[in-house]
Amino acid sequence: MGSQPEDKAVFDTESGKEMVKELRASFVAGKTKSYEWKVSQLKAMLKMMEENEAQIIFALRDDLSKPELESSIYEIGMLKNSCRLALKEMKHWMKPEKAKTSLTTFPSTAEIVSEPLGVVLVISAWNYPFLLSLDPVVGAIAAGNAIVLKPSELAPATSSLLAKLIADYLDGSCIKVVEGAVPETTALLEQKWDKIFYTGNGRVARIVMAAAAKHLTPVVLELGGKSPVIVDSDIDLKVATRRIIAGKWGCNNGQACISPDYIITTKDYAVKLVDSFKCELEKFYGKNPLESKDLSRIVNSNHFDRLLKLLDEDKISSKIVHGGERDETNLKIAPTILLDVPKNSLIMKEEIFGPLLPIIMVDKLEGSFDVIKSLGGKPLAAYLFTNKTKLKAKFVAEVSAGGLVVNDTTVHLAEHNLPFGGVGDSGMGSYHGKFSFDAFSHKKAVLYRSFGGDSSLRYPPYTRGKLRLLQALLSGSVLRIIRALLGC
Amino acid sequence: MEKDLGREITEIRECYRNGNTKPIAWRRSQLQALRSFLLDYEIQIFRALNLDLGKHYVEAFRDEVGILKKSVNLALKDLKRWSASTKAKLPAIALLSYAELVPEPLGLILVISSWNFPLGLSLEPLIGAIAAGNAVVLKPSEMSPACSSLLANTLPKYLDNQAIKVIEGGPAVGQQLLQQKWDKIFFTGSAKVGRMVMSEAAKNLTPVTLELGGKCPAVLDSLSWSWDKEVAVKRIVGAKYGSCAGQACISIDYVLVEKSFSSTVVELMKAMIRTMYGDNPKESHSVARIINKHHFLRLKNLLTDQKVKDCIVYGGSTDEDSLYIEPTILVDPPLESAIMAEEIFGPLLPIITLDKIEDSIEFINSRPKPLAIYAFTKDEVLRKRMVSETSSGSVVFNDAIIQFAADTLPFGGIGESGFGKYHGKFSFDTFTHYKAVARRSFFTDFWYRFPPWNNHKLELLEDTYGFDYFGLLLVILGLKRSRKTFHVN
């Protein structure tokens with residue numbers, strides 16, 4: 001086998017099995033089910049963030065050159081909100097829900113009881129490595145599960161920080177972190193989990209779901225897609241531009257699942273839009289954006305090369321109307337806008353996940369819905385900027401995506417009363433707020449019957465009369481019931 | 001065959017893309033048509049169920065036709081409410097914003113049904129899929145051929161053929177269908193096939209609902225009142241043998257009783273079987289047939305082991321020609337025997353005796369999670385423990401199978417018994433995508449959302465996202481100094 005590269009032992013199938021066994025024993029012992037345990041874990045998570053904010057920010061800077069404000073607000077701030085909301089609402093979420101019963105089961109009472117699924121696996125992504133690791137974990141804890149978290153190896157500083165902090169602050173007998181890449185993930189996927197929560201891309205999602213199928217494990221897949229932005233001409237251009245910029249380059253420099261991917265606008269308006277972008281982009285990031293501290297870098301050279309390939313494709317580089325500068329040493333690409341790229345170009349085929357923003361032009365704005373449909377696949381988000389009520393209504397009725405926002409971008413992420421998740425190629429399942437709790441719960445139906453009030457209707461020997469009465473009962477019609485009872 | 005299938009699927013997809021299935025009026029018309037079908041063809045349905053499974057028409061009504069009528073009426077009644085958008089509550093700080101959840105159909109649905117309730121398990125998901133505005137392909141089980149062809153030949157007379165298709169066939173056709181791209185697959189059947197369905201679905205990232213089975217136990221506490229004992233035994237016997245002869249995913253698979261109570265239970269059960277089915281149950285035509293020779297032999301084989309045979313206390317006779325197995329009771333067959341290891345799915349009822357009834361919890365927990373757990377008890381403590389210490393799709397106290405008829409309760413499994421749920425509004429939900437829609441106005445904007453960044457903006461954002469209105473006000477008024485300092489340059 002050879003000598004081990006570091007102190008760390010290899011995490012293989014056997015290790016996976018042992019880990020799941022240990023966690024299952026903790027779960028069966030009831031550790032994770034108690035309200036007090038859940039509260040202690042969530043409070044510990046808050047403490048963890050308070051006491052280590054600087055380290056978290058440094059790790060995100062190492063992995064992504066993420067601006068401190070983005071780390072503070074979008075990663076730490078959002079996670080704090082999740083913890084606080086769960087602490088506030090958990091008792092209410094855990095309460096069984098009364099269900100009405102009808103004549104068919106009369107007399108009876110019923111309720112729906114939330115119970116934890118058991119031992120769950122959370123596989124996280126590299127772009128918001130802190131938030132996307134711990135936000136699902138908050139839901140899993142609130143619902144009472146034992147958890148294994150596998151952070152992304154493409155954000156190694158955050159991954160090892162998470163491993164250390166979770167070991168220091170959370171209950172290690174119930175919540176574990178496994179670091180690593182393909183071999184470790186494979187070893188984990190071979191085990192039997194009660195749920196797998198995956199954030200990432202479609203290719204790996206298929207592997208995750210196929211592995212889950214072997215054990216009949218339900219999954220939540222939070223993926224991505226090409227989130228379009230339709231821009232009308234009757235809007236407050238300055239505000240719209242700023243909001244698009246905030247959603248695109250202000251979110252990890254376009255490396256976010258709900259980042260605006262491309263814009264659709266009318267031929268007449270496109271130039272005005274581009275000018276507005278140029279103006280606002282300079283205000284935000286200065287004349288030399290490659291040097292701005294407020295932009296994340298590209299995560300690694302693979303993705304850097306991938307993005308350059310999109311730009312350098314034949315006939316595409318001539319479409320650049322703004323930006324295009326790159327710094328290979330520091331893995332930085334400046335905010336880049338392209339106008340009128342062909343729909344079959346690479347940049348329009350796959351999710352960009354970077355600071356490149358193509359603008360597609362249409363004659364009439366109503367044509368944008370066909371453009372979106374022609375690209376195929378349902379994205380995670382879709383955005384529309386307009387003041388026209390009819391256009392808003394058509395947008396909501398015709399565009400299918402995980403979530404839609406009118407006159408802004410990405411803000412729906414922060415609204416925890418809205419489920420956050422995809423549809424079709426952008427994923428299945430959802431979370432945030434109570435939806436996180438539900439994602440990691442089994443809703444068990446409980447029906448209470450008494451021994452009184454039994455009728456022979458249901459049982460053999462079967463007769464015509466019983467049939468008539470059953471028919472009457474199921475129809476709910478009192479008259480029919482009386483007639484059946486009277487035998488006429 | 002393959003070319004035809006591809007063409008049919010393309011046709012359906014076009015139909016869905018044209019928006020034909022979305023209008024409420026279309027959904028209503030289809031549900032009304034389905035209701036008419038159930039009314040007009042009731043006799044033929046009874047006949048088909050009798051042909052395939054030897055089901056008595058009262059059982060057929062109670063378990064399939066009646067339930068379907070109820071479901072379609074509920075869907076018609078609540079269709080408008082279900083398909084309406086619901087507003088989401090927003091925090092006050094999101095001034096002038098508005099958020100709602102908009103239900104939209106998933107698209108193209110594949111429903112793969114089972115042979116034991118061939119009408120019910122085909123049409124119940126169909127009702128939900130139609131109500132949610134989808135186009136549907138239904139593949140009934142080839143093992144119940146009379147029902148399958150009734151559906152294939154008659155439904156096209158009632159429903160919109162371009163949007164709803166019935167495709168008959170066996171595993172080969174099933175495979176072909178699974179290779180197409182669906183927006184959801186709804187499968188009822190065995191865990192073995194369930195795994196295969198999910199593996200195929202994974203290739204296209206298609207979400208699935210799997211309604212599987214398991215060994216559903218009935219825990220029978222030592223009841224003192226004779227009325228209670230009568231009713232409990234009646235419900236157990238009626239559920240076991242009276243619902244497709246035990247060939248139901250929610251059938252009582254085995255019973256757990258205390259040793260001291262077991263002989264009483266056995267005597268009561270024998271008497272009850274005679275009351276319900278007479279001395280010769282086969283003649284009563286009230287016990288369904290075994291579906292086919294394969295399953296008949298499978299069940300017969302469960303009894304060949306001498307150690308198991310010795311445990312039979314009632315019944316045990318079989319008739320291969322008529323695929324009939326007599327209602328049979330066994331007491332304490334060996335736990336490693338096949339009859340206790342696999343889902344029985346037939347009219348054989350093992351009674352397992354325990355020292356204390358509380359031991360049933362550990363017994364159940366040491367086995368895969370079933371679709372349902374039935375507990376007949378008046379003991380409050382035991383009840384609470386059953387709910388909190390076991391896990392199953394559902395729990396029913398003092399009755400069995402009847403949870404199937406309750407449309408306010410989600411019907412589905414967990415673990416080996418499946419995932420996803422349906423019945424009532426849950427059927428609508430299972431074929432719906434709840435799209436989050438948020439609207440902002442151009443008026444309010446938080447100027448501090450945008451770079452270039454500084455401490456002041458950081459503080460403001462923190463307070464905004466933390467919904468700390470007061471803190472926000474103080475910072476804006478300049479009364480609260482930013483305690484944040486940049487850690488990084």
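Lettering of chains follows the sequences in order, A, B, ..., and the numbering in each one begins at 1.
- With a 4.5 angstrom heavy-atom cutoff, B:Thr209 does not touch chain A via any of its atoms.
- The line from NZ of A:Lys195 to CZ of B:Phe419 is 8.5 Å long, rounded to the nearest 0.5 Å.
- Side chains of B:Arg62 and A:Lys466 form no contact here, defined as non-hydrogen atoms less than 4.5 Å apart.
- For B:Leu210, the part sitting under 4.5 Å from any heavy atom of chain A is the side chain, from C-beta outward, and nothing else.
- Considering only heavy atoms from C-beta on, A:Arg449 comes within 4.5 Å of B:Arg235 through its side chain.
- With a threshold of 4.5 angstrom between heavy atoms, B:Ala60 does not approach chain A through any atom at all.
- For a residue to count as touching a neighbouring chain, one of its non-hydrogen atoms must lie under 4.5 Å from one of that chain's; by this rule B:Ala232 touches chain A with backbone and side chain alike.
- Ranked by non-hydrogen atom pairs under 4.5 Å with chain A, the options B:Gly242, B:Gly393, B:Ala372 are led by B:Gly393.
- Contacts of A:Ala382 with chain B are absent, with no heavy-atom separation under 4.5 Å from either backbone or side chain.
- Minimum interatomic distance between B:Ala88 and A:Asn417 (heavy atoms only, all atoms of both residues): CB-O, 4.2 Å.
- For the set A:Lys283, A:Lys392, A:Lys214, the entry with the most heavy-atom pairs within less than 4.5 Å of chain B is A:Lys214.
- With a 4.5 Å cut-off on non-hydrogen atoms, A:Val396 touches chain B through its backbone and its side chain both.
- For B:Glu416, the parts lying near chain A are the backbone and the side chain together; criterion is any non-hydrogen pair under 4.5 Å.
- Only the side chain of A:Pro67 comes within contact range of chain B, with at least one heavy atom under 4.5 Å from a heavy atom of that chain.
- For the options B:Pro410, B:Gly412, B:Ala406, heavy-atom pairs under 4.5 Å to chain A are most numerous at B:Pro410.
- Using a 4.5 Å heavy-atom threshold, the side chains of B:Tyr57 and A:Arg464 count as touching.
- Heavy-atom distances place the backbone of A:Thr217, and not its side chain, under 4.5 Å from chain B.
- Taken from CZ in A:Phe451 to NZ in B:Lys378, the straight-line distance is 6.5 Å, to the nearest 0.5 Å.
- Ranked by heavy-atom pairs under 4.5 Å with chain A, the list B:Met196, B:Glu230, B:Lys70 is led by B:Lys70.
- Contact of B:Asn73 with chain A is not made at all, since no heavy-atom distance falls under 4.5 Å.
- With a threshold of 4.5 angstrom between heavy atoms, B:Phe426 approaches chain A through side-chain atoms but not through N, CA, C or O.
- The contact between B:Ser391 and chain A is made by backbone and side chain atoms together, counting heavy-atom distances below 4.5 Å.
- Nearest heavy atom pair, residue A:Ile112 against residue B:Thr408, reads CD1-O, 4.0 Å.
- Counting heavy-atom pairs closer than 4.5 Å to chain B, the top-ranked of the candidates A:His442, A:Met428, A:His416, A:Glu115 is A:His442.
- Taking every heavy atom of both residues into account, B:Asp183 and A:Lys378 meet most closely at OD1-NZ, 4.3 Å.
- Contact annotation for B:Lys203: only backbone heavy atoms (N, CA, C, O) come within less than 4.5 Å of a heavy atom of chain A.
- Both the backbone and the side chain of A:Leu216 have a heavy atom closer than 4.5 Å to some heavy atom of chain B.
- Heavy-atom distances place both the backbone and the side chain of B:Gln403 under 4.5 Å from chain A.
- Listed by chain and residue number, B:His56 satisfy the ring-ring contact (aromatic ring centres under 6.0 Å, His included) test with A:Tyr462 (two or more places apart in sequence, or in another chain).
- Among the candidates A:Pro419, A:Ala205, A:Gly250, the residue making the largest number of heavy-atom pairs closer than 4.5 Å to chain B is A:Pro419.
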Passes side chain to side chain contact (heavy atoms under 4.5 Å, CB included), B:Val58 versus A:Thr463? Steps please. CA-CA 7 Å; B:Val58 176; A:Thr463 64; over 6 Å; no
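- Top candidate by heavy-atom pairs under 4.5 Å with chain A, chosen from B:Met198, B:Arg383, B:Met276, B:His285, is B:Met276.
- Chain B forms more heavy-atom pairs under 4.5 Å with one residue of A:Ser108, A:Ala397, A:Gly402, A:Ala212 than with any other, namely A:Gly402.
- Ranked by non-hydrogen atom pairs under 4.5 Å with chain B, the options A:Pro461, A:Ala210, A:Ala99 are led by A:Pro461.
- One finds the CE atom of A:Met209 at 8.5 Å from the OG atom of B:Ser199 (value rounded to the nearest 0.5 Å).
- With chain B as the partner, the residue from A:Thr101, A:Ile207, A:Asp236 showing the most heavy-atom pairs under 4.5 Å is A:Asp236.
- The contact between B:Ser286 and chain A is made by backbone and side chain atoms together, counting heavy-atom distances below 4.5 Å.
- Residues B:Arg440 and A:Val411 meet the side-chain proximity criterion, which asks for heavy atoms closer than 4.5 Å.
- Within a 6.0 Å sphere centred on NZ of A:Lys98, heavy atoms belonging to other residues, nucleotides or ligands number 12 at most.
- Across all their heavy atoms, A:Lys444 and B:Thr390 have their closest contact at NZ-O, 2.9 Å.
- The distance from the CG atom of B:Asp407 to the NZ atom of A:Lys100 is 10.5 Å, given to the nearest 0.5 Å.
- Residue contact with chain A, scored on non-hydrogen atoms closer than 4.5 Å, involves the backbone and the side chain of B:Ala201 alike.
- Distance check: B:Leu205 CG to A:Arg206 CZ gives 4.0 Å after rounding to the nearest 0.5 Å.
- With rounding to the nearest 0.5 angstrom, the CG atom of A:Leu447 is 10.0 Å from the CZ atom of B:Phe397.
- With a 4.5 Å cut-off on non-hydrogen atoms, B:Lys184 does not touch chain A at all.
- When heavy atoms are compared at a cutoff of 4.5 Å, B:Ser85 does not approach chain A at all.
- Of all heavy-atom pairs between B:Leu409 and A:Glu111, the closest is CD2-O, 3.8 Å.
- The shortest distance between side-chain heavy atoms of B:Val396 and A:Tyr448 does not fall below 4.5 Å.
- Of the atoms belonging to A:Val220, not a single heavy atom falls under 4.5 Å from chain B.
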